[in-house]
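Step one of this worksheet: look at the structure below.
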There are 2 protein chains.
Amino acid sequence: MAKRTDTPGRLDDAARAGWLYYVAGRTQDEIASTMGISRQSAQRLVSLAVAEKLIKVRLDHPIAACLELGNQLRKKFDLRSVEIVPSDPGSSSTTIGIAEAAAAEIERWLKRPEPIVLAVGTGRTLKAAVDQLPQLECPEHRIVSLTGNITPDGSAAYYNVIFSMADAVKARHFPMPLPVLVTSAEEREMLHSQQLVRSTLEISSQSDVTFVGIGELGIDGPLCVDGFLEKDEMMELMRNGAVGEICGWIFDGDGKLLDNPINERVASAPIPPRDSSTVIGIAKGKRKFKAIRAAIVGRQINALITDEATAEFLLTV
Amino acid sequence: MAKRTDTPGRLDDAARAGWLYYVAGRTQDEIASTMGISRQSAQRLVSLAVAEKLIKVRLDHPIAACLELGNQLRKKFDLRSVEIVPSDPGSSSTTIGIAEAAAAEIERWLKRPEPIVLAVGTGRTLKAAVDQLPQLECPEHRIVSLTGNITPDGSAAYYNVIFSMADAVKARHFPMPLPVLVTSAEEREMLHSQQLVRSTLEISSQSDVTFVGIGELGIDGPLCVDGFLEKDEMMELMRNGAVGEICGWIFDGDGKLLDNPINERVASAPIPPRDSSTVIGIAKGKRKFKAIRAAIVGRQINALITDEATAEFLLTV
DNA sequence: ACCTCCTATGAGTAATTGCCCATGAGCAAA
DNA sequence: TTTGCTCATGGGCAATTACTCATAGGAGGT
């Protein structure tokens, strides 16, 4: 995953080829001859530009069906905002589409003139969204992570997105210098009382807008896959009615945070208050249906970015 | 030009198809079967989405701005090619950046398989560019100098670049065995009628590509600094509207060669014909703004390598 | 100095896309 | 109803693009 930097000019070339191809609309043959390389090399540069996410495509048209679904959802659940993107029935990706839409929404918030605090959770979907962000300069804003950046084995949590975000967005950013899960409620108390952590928690509580992924439970869910919970712990949770999690905070089918030993060990900041702050959940996909519904009805989130299929499910239940 | 709005659903479909194509990365065949239409219709929807600018493509890389500027310049002045490099506001160098870019361009030409004639002018910028060239073997090409290699005091002209070029590039090279300035139009006639000079002039007129610097006038400009003109001659020229020179050929603010005693004494080859040959000007910097602009509008050159700041100036005037 | 491994490159080929044309449906005017 | 026009459609085909494979060049290790 680490990017090769041994040929720094190569990305420049890729950018140039990608620009000529996508923006200027030249063919790869023309690009090849203007850049003095072979057609195949031109093709490689173009796909490199795509692979490196130098090329950002966005669709600038409200699709009527999506808008309508969004409106209905917003009314039904009293949400602050809902964004629906088209479903792609042929893809099993849990990020495609909503990542771009979330990136656009993040960008809109960051382009506001007045200083804001933007909080981010964690997860693959959010990571994919942040990867879509363009370079932005917004020194007036603050970006804070709700979740710790250390995994159980002591390494940096890959899906902690604030570092990726810092690469793209020039703003003050505040990681949470904590593990994701600690060993006991007491340890959490102790860590949270440290000055550095306290001030980060304080900032997060003042968040104007928060972007969070919504994780489903299950042995294939992120908490297990990323090694935060053992299989038997997961089974125990699910027996107790848990259906989803946001930033590690586990909730049941009504979206109520569970009162159990796991939640006592979650070191994440509390989700910013939904009455004073916009908390946008980003998630789609059948496996997440129950978790998303619970997060909404339990008001763990008050805004949503999802896809058509998920929206239709939410309207039927 | 007015778009039909009688089928409002059509743009939605276009948006959906465009989304599936560009964001979800599906093929048009897949889109067609998903949407229940023929492949051709899917293709039409996708191109409609592009034509209606529903699809916004953005390149997130520093050189994107340069490419965009270059494109605008190329269109505005009908240039064959334009290359813009990032400006370095902290540097007052008139060569940094464009020298490397020019070297890359020279290299691209020299790597062409078919034999070409490459002509070079003179000047510090071009010298810096040639110094960036790697060792190349291209015995099939010919490299010719447009300008003489003897200064008024009889020594070799330091900024005559063909000798530096010969060090790096193994090709047949043709210096111009003349002074830069002669004493009269008659002397020029006589010298140009020599067999050796005539054949060199003949080669230069067949140049496929020409690289020239653009000199500004003024008592700090190259013509004065290098001792080709006296201060009072320079003042006289500037009173007559001269703003710049290429290979010693002095032109006014409209890029028209001046009809005066100095130009009659310039022994350089004529600039190769711009309708049949690519003549690339290499220059940047505030002091050269007027000269560059004149060279372009007067079509002394038909291609340009410069930096962002200069490009922005050229777009505003 | 030699060897090995890795990566970039170019050719060939399959897949995909863009374009032109003939056709026919829809619609307005006669 | 007929006529004439426009425009979407789908087939066919040429152009363009993506992928696979074998090879060459170069860095790094022995």
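Reminder, nothing fancy here: chain letters follow the sequence lines and each chain counts from 1.
Using a 4.5 Å heavy-atom cutoff, the side chains of B:L304 and B:I292 are in contact. Counting only heavy atoms from C-beta outward, the side chains of B:M165 and B:I106 approach each other to under 4.5 Å. Between B:Y22 and A:L59, every side-chain heavy-atom pair lies at or beyond the 4.5 Å cut-off. The side-chain heavy atoms of B:D208 and B:L118, taken from C-beta on, include no pair separated by under 4.5 Å.
If you measure from atom OH of A:Y22 to atom P of C:dT17, you get 11 Å, rounded to the nearest angstrom. To the nearest angstrom, P of D:dC19 lies 15 Å from CG of A:L45. Look at CZ on A:R39: it is 11 Å from C1' on D:dA18, rounded to the nearest Å. The distance between atom CD1 of B:I31 and atom P of C:dG18, rounded to the nearest whole Å, is 10 Å. With rounding to whole Å, B:L48 atom CG is found 13 Å from C:dG18 atom P. Between the C1' atom of C:dG10 and the CD atom of A:Q43 lies a distance of 13 Å, rounded to the nearest Å.
Of all nucleotides listed (D:dT17, D:dC21, D:dG11), D:dC21 comes nearest to the side chain of A:R44. Comparing atom distances between the A:Q28 side chain and each of C:dT17, D:dT17, C:dG10 picks out D:dT17 as nearest. The side chain of B:Q40 has C:dC19 as its nearest neighbour among C:dT9, C:dC20, C:dC19. Side-chain atoms of B:S41 lie closest to D:dG10 of the nucleotides C:dT9, D:dG10, C:dG18.
The side chain of A:S38 contributes an N or O atom lying less than 4.0 Å from OP1 or OP2 of C:dG10. A:Y21 has no side-chain polar atom (N or O) that falls below the 4.0 Å cut-off from OP1 or OP2 of D:dT16.
Closest-nucleotide positions on DNA chain D for B:I37 and A:T27 were compared, and the one nearer the 5' end corresponds to B:I37.
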